[in-house]
Amino acid sequence: MLELMAKLSTVAKAALQGEFGDHPALVSDLSIGRATKREFGDVQISAAMALGKKLGRPPRDLAALMLKSVAADELVARAEVAGPGFVNVWFKDQVIVDAATSLELRPIGRGQTVVIDYSSPNVAKPMHIGHIRSTIIGEALKRVLRALSYQVIADNHLGDWGTQFGKLIVAYKRWLDTDAFAKAPVEELLRIYIKYTQEEKREAGEEIAEDEATKSAPPILQEARRELVKLQAGDAKNVALWKTFIEVSMAEFARIYARLDVSFDVTLGESFYNDRLAATVALLQEKGIAVESEGAIAVFFSKERDGEELPPFLVRKGDGGFNYGTSDVAAVLYRVEHWSAGRILIVVDERQQLHFKQLFATARRLGVTASLEHVWFGLMRLPEGVIRTRDGEGLIYLDDFLDEAERRAEKVATEHNPALSETERREVARVVGLGAVRYNDLSKDRRTMITFTWDKALSLTGNTAPYLQYAYARMRSILRKASAEDYAPGPIAREVLSPVERDLLTRLLWYPDAVEQVARTACPHILCDYLFDLASAMSTFYAEHPVLKAEPEIRSSRLTLIDRVAQVLSDGLGLLGIGVLERM
RNA sequence: GCGCCCAUAGCUCAGCUGGAUAGAGCGUCGGCCUCCGGAGCCGAAGGCCACAGGUUCGAUUCCUGUUGGGCGCACCA
């Protein structure tokens, strides 16, 4: 459809240029898009209204001018001027049929490298439902961009460095239960981390009670800072502990990623950039971008230079230590230099918008020209409030969540299809449960805040992944039966195309547009919407149109139609990381 | 105090770079299994698109303000 629209746009523009010559108003492309309603054709040109004033002619006159050329084009069956100046266009059936038969994604990303930074969990903390959005959105973007021939580097930017490790080392030395650690290491680390947090809070409370004025850091925090300094100085024992924390966490992450069918090309956590931090700060100072302030080193921004006023961005602390701003600058530079990334997507929740504005402004001053995008998403919260790992409140572990998703899917599968074998049922539970979880996150605009409830997150009816998977399974079922009867699919016969079938074919043609929109906007919900519409049209179709019992010519045509729709559905779901099933 | 984000049906959400009569799902009510899978299909009810201005041929969409909510604002990440 994109190619068809481009041709039409050229024809319509030529018609206007024939009348107005190279008028400045005609430099950019004409506004053309999908018809807002089916009775308005396949596509509509809405350029006349905008051009009316600039060209000094009533929009309907301009539309009439375009209509002449457009209607005469070989692709077009019919066209009309409508409303204030729309040109509604219907393509010839054969044009639609041909386009649907040769449908494929365009390799618009060829030769361009995109780095996607996503998931990025903190080491030594278990993955809970709050971590799932970045992981699932990032993975979908990776697949979509790859499908469009972009060279994609999926980078898991682990939180494996920083002050939390000082605290964790203190907690480890004081409270670790070695048996529990041997059995479930990450859970045990969380337990002692929570204990640490409580202890720090308690000591801070005492401090306030004694003397508000000379309040200083609680002793345990001072101890944690000492341990951190030792770790950063390369103290053998603390480094060994730190490595252990990473090791046990990585094993856990690997298991969950396998379960989620998520994979990365590289896992370069914050610690990877450690030995570049000093040089990065030095570079910033050298170029006069960062300056000393109150003992620390920071970047200052102004409206004139950076487009907007921002608070200062700290790249070195007063005690000489570095913070995550520093490693983020180093990461941007590394990605640009090492991979020649032209675009960097960082999938992190909305709370860090200010941080990334500062980071990107700093990178721009360093001469980075790559497109830097903070792909932010709305916070996931519980009805009771925000999820806080530190206090261990309201934590729902990802494993438990996925288990429950599978349990519910299995229950439904058993009710609806008792004929499934044990292994099939388990596979159905896995694919449907995981699909429901993914689709629930991806189908909303990523910027929408999600308040987690089990029933909403794991719904299996209506606009959900199981609905799409079900439509697919139904189509496969028909195709299997056809094959068993030796009914071969044939060319789509435009002579016998019903309006519903033509509509279905036309919807098929918008698939590449939906995928490219996701790539442009980093908003996967656009693809979800598209696929739901497609499946919905398909469901309507097979409820009303017999396939196997139709006349042979119609039957073979419909078999091909079903096959094409099933293919797009399965491909599209695959881009979202959602699987399909032959039976469910 | 400053800044970012959000406000659309009872609930959860779409609404494509401004376009014609604002759409889905859930829930509610009513139909559809002698017919390819009822996780489905068809239909009904349900809206001052938070409020007030502005921009223009046209605003749910863009701008300003107000109200209500979420979040952030140098030595945590």
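Throughout, a chain's letter reflects where its sequence line sits, starting with A, and its residues are numbered from 1.
Of the candidate nucleotides C73(B), U17(B), G25(B), U17(B) has the atom lying nearest to any side-chain atom of S31(A). Of the listed nucleotides (G23(B), G40(B), C4(B)), C4(B) has the atom at the smallest distance from the side chain of Q353(A). You'll find that the side chain of T448(A) is closest to A14(B), out of G19(B), A14(B), C42(B). Here the nucleotide nearest the side chain of N463(A), chosen from A20(B), C71(B), G25(B), is G25(B). Set against A74(B), G15(B), U12(B), the side chain of K456(A) has U12(B) as its closest nucleotide. Side-chain proximity of A50(A) to G19(B), A20(B), C36(B): nearest is G19(B). Considering only side-chain atoms of E294(A), the nucleotide from C73(B), A14(B), C75(B) that sits closest is C75(B). Each of C5(B), C41(B), C75(B) was ranked by its minimum atom distance to the side chain of K317(A); first place goes to C75(B). Distance from the side chain of K444(A) is smallest to A14(B) among A14(B), G19(B), G37(B).
Centroid-to-centroid, the aromatic rings of F40(A) and F86(A) stay 6.0 Å apart or farther. The ring of H355(A) has its center closer than 6.0 angstrom to the ring center of Y324(A).
In this entry the distance linking CG of N122(A) with P of C76(B) reads 15 Å, nearest Å. For the pair R447(A) CZ and A14(B) P, the computed distance is 9 Å after rounding to whole Å. Going from atom CZ of R381(A) over to atom P of G72(B) covers 11 Å, rounded to whole Å. Note: CG (L527(A)) to P (C16(B)) measures 17 Å, nearest angstrom. Atoms CD (Q232(A)) and P (C75(B)) sit 16 Å apart, rounded to a whole Å. A straight line from CD of E270(A) to P of C76(B) spans 14 Å, rounded to a whole angstrom. Rounded to a whole Å, the CG atom of L314(A) is 9 Å from the P atom of A74(B). For the pair F377(A) CZ and C4(B) C1', the interatomic distance rounds to 16 Å; values are reported in whole Å.
Distances shown here put a side-chain N or O of H525(A) below 4.0 Å from the OP1 or OP2 atom of G15(B). Proximity of S539(A) to the phosphate of G40(B): no side-chain N or O atom is located under 4.0 Å from OP1 or OP2.
Taking for each of K481(A) and Q352(A) the nucleotide of RNA chain B with the nearest heavy atom, the 5'-most of the two is the partner of K481(A). Of the residues near RNA chain B, R480(A) and A48(A), the one whose nearest nucleotide (by heavy atom distance) lies more toward the 5' end is A48(A).
Residue ring and nucleobase are stacked for F86(A) and A20(B), with a centre distance beneath 5.5 angstrom and an angle between planes beneath 30°. Between F313(A) and A74(B), no base-stacking contact is recorded for ring centres under 5.5 Å apart and planes less than 30° from parallel.
Across all strands shown, A482(A) has no heavy atoms under 4.0 Å from either base or sugar-phosphate atoms. Across all strands, D445(A) comes closer than 4.0 Å only to sugar-phosphate atoms, never to a base (heavy-atom distances).
Contact detail for Y472(A) and S570(A): the closest heavy-atom pair is CE1-CB, 3.6 Å.
Judged by atom type and distance alone, D533(A) does not reach the base of A14(B) through any side-chain donor-acceptor pair under 3.5 Å. Contact of S293(A) with A74(B) (side chain to base): a donor-acceptor pair of N or O atoms is detected under 3.5 Å.
Of the P atoms belonging to U8(B) and A50(B), the separation is 6 Å, rounded to the nearest Å. Remark: the separation of the P atoms in U61(B) and G3(B) is 22 Å, to the nearest Å. As rounded to the nearest Å, U34(B) and C29(B) have C1' atoms that lie 29 Å from one another. On the P atoms, G68(B) is 15 Å away from C51(B), given to the nearest whole Å. When the C1' atom is compared between C48(B) and U60(B), the two are found 13 Å apart, to the nearest whole Å. The P atoms of A22(B) and C49(B) are separated by 10 Å, rounded to the nearest whole Å. Taking atom P in both G65(B) and C57(B), the straight-line distance is 25 Å, to the nearest Å. Annotation: A59(B) and G19(B) have their C1' atoms spaced 10 Å apart (nearest Å).
In this structure C33(B) sits in the syn conformation; its chi angle is within 90° of 0.
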Show, in sequence, the C-alpha distance, side-chain angles and deciding distance for H131(A) and S119(A), and conclude whether the side-chain hydrogen bond (donor to acceptor under 3.5 Å, both in side chains) test is met.
CA-CA 7 Å; H131(A) 294 114; S119(A) 195; over 6 Å; no

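Listed for the T414(A) side chain is a donor-acceptor partner under 3.5 Å among the backbone atoms of E410(A).
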